[in-house]
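As a basis for the values below, the full set of heavy atoms in this structure was taken, side chains included, without hydrogen atoms, waters or symmetry mates. Throughout, a chain's letter reflects where its sequence line sits, starting with A, and its residues are numbered from 1.
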There are 2 protein chains.
Amino acid sequence: MSSTASKDDERVEEAEKLQTHRRGSGVSTVYETLRNEIIELKLPPGSPIDEQQLSDRFALSRTPIREALVRLAAEGLITTLTNRATIVSNIDFLGLPEFFDALTLMYRVTTRLAAANYADGDIAAILVQQKAFEAAVISRDVLGMISTNRDFHIAIAQAGRNRYYVELFTRLLDEGRRILRLYYSSFNDVLPRQYVGEHEEMIQAIINRDVTLADSLASAHADQIVGQIRSYITADSRQNATLAL
Amino acid sequence: MSSTASKDDERVEEAEKLQTHRRGSGVSTVYETLRNEIIELKLPPGSPIDEQQLSDRFALSRTPIREALVRLAAEGLITTLTNRATIVSNIDFLGLPEFFDALTLMYRVTTRLAAANYADGDIAAILVQQKAFEAAVISRDVLGMISTNRDFHIAIAQAGRNRYYVELFTRLLDEGRRILRLYYSSFNDVLPRQYVGEHEEMIQAIINRDVTLADSLASAHADQIVGQIRSYITADSRQNATLAL
DNA sequence: TGTATTTTTATTGTCGACAAGAAGTCGGCA
DNA sequence: TGCCGACTTCTTGTCGACAATAAAAATACA
């Protein structure tokens, strides 16, 4: 049960704080907490999810825990083996081409729609996220870059005012976060700096309501990111490849 | 509760049959049954969902009922007012433009991908659905047309091999079924006959792997359907509009 | 008679306990 | 010694009951 001391202590503290709940609040707390931990790979793919354990941790009965788990399962973040275990869903490397295709399409569509539909306040919201991303890049906070980049693009999607796209895009970006987390140690800072510039161009195109430009910028941006992920996954780090034997 | 006698009898029989369940089967039965009834407007938007009542109907405790409801809520098919009632979600007429936009995009993308990616057996599966649609059109079974049309396009989407699109498209088509059900009495048979032809063209384009043609056919088809829904919604049936007063 | 306040009631949210199913364990047998 | 089957155990799935909450009803008051 208790694998690493420090992390468990941390969690216990969390549990203590949550001893008292407002009636329906517990389940969303559990849901959001687990969701974050899954996306941030604190709970790596394949981790077993034990209801009893969570019940202890959050000081709740198994019923609300279960409800949170059902929601996570509906989102595909966890997988339940009936009558047996429930585990954090694996990252589907086989399905990566589908993922890239959908991600690219959503980048384009949401950016297009933002340019076409944005209203008062939307640009401000986008700029807030862009500043946060910039800050993360400057301070070389790789994990921060990953999550603020996501927030930036979701802000754009929201300006586009289409809930179906926002929902799918959110899921895709969060799945992307999981993947990027796997490789974040390989991040260098040339690409992120480039992203800052690309983001700025996109914002400008949106402001100018230039749908066509927004589209092509988003498309190029998506290609960049997809290419980045691809290169991390297929990176050739065989130190001994050219060794004379 | 008891609106039409025959259908309620049917339900009772259903319930009786389910007196014994394999361990995890009850919840998916409840989920699927309710899902269908919502989409087919047997449970109209705004209908209260009473957990106790469902518990009686399916001869299950409230716990598995609740799990099914959570899943339906995650899909947006029902809305839960915390601590109060849970009702069948209303059809969002305000969000119709977003819906049409996403629907059209999914029509195009899935048909494109089908042309690009279909493999052995996919065409056969599509043809089966097309035959079913044709049969529904010939026998003027409007409700059948609505559901077989959905199945036809989902078969195409599946041939395209992108689970993200399949999932979103399924949701959109089912939401469309709810809307069309509202107006199905206004169906005439000129449009459905045209759809049969359009479907055949689409199939041919897919078989020929003509992505561009598949796209434009899908686009036109989507426009047709969107236009049809629009015309139903905004239909001017004021009998007394031109009455001399 | 109309409004504010208390009481009732109906329904959801939560709980602890039990039942069923599957994996792992142990013992028996060839 | 290796394989098969019963047994144990652990986790999930289900149940019935209780608690909290908000609407509705009933009551008191101006």
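Counting non-hydrogen atoms under 4.0 angstrom, A:Thr80 reaches nothing in the nucleic acid. Within 4.0 Å of A:Ile49, counting heavy atoms only, lie sugar-phosphate atoms of the nucleic acid but no base atom. Heavy atoms of B:Leu81 sit nowhere under 4.0 angstrom from any nucleic acid atom.
Of the possible polar contacts, none joining the B:Ser55 side chain to the B:Glu51 backbone as a donor-acceptor pair under 3.5 Å is found.
Residues B:Asn90 and B:Gly46 come closest through the heavy atom pair OD1-N, 3.7 Å.
Side-chain contact between A:Asp122 and A:Arg161 is present, with heavy atoms from C-beta onward closer than 4.5 Å. With a 4.5 Å cut-off on side-chain heavy atoms, A:Leu168 and B:Glu167 do not count as touching.
Distances shown here put a side-chain N or O of B:Ser61 below 4.0 Å from the OP1 or OP2 atom of D:dC15. For D:dA22, the OP1/OP2 oxygens have no side-chain nitrogen or oxygen of B:Arg84 closer than 4.0 Å.
At whole-Å resolution of the value, CZ in A:Arg62 and C1' in C:dA17 are 10 Å apart.
Of the candidates D:dT12, C:dT14, C:dT12, C:dT12 carries the atom nearest the B:Glu51 side chain, counting heavy atoms from C-beta on.
For A:Arg23 against C:dT14, a side-chain-to-base donor-acceptor contact under 3.5 Å is absent.
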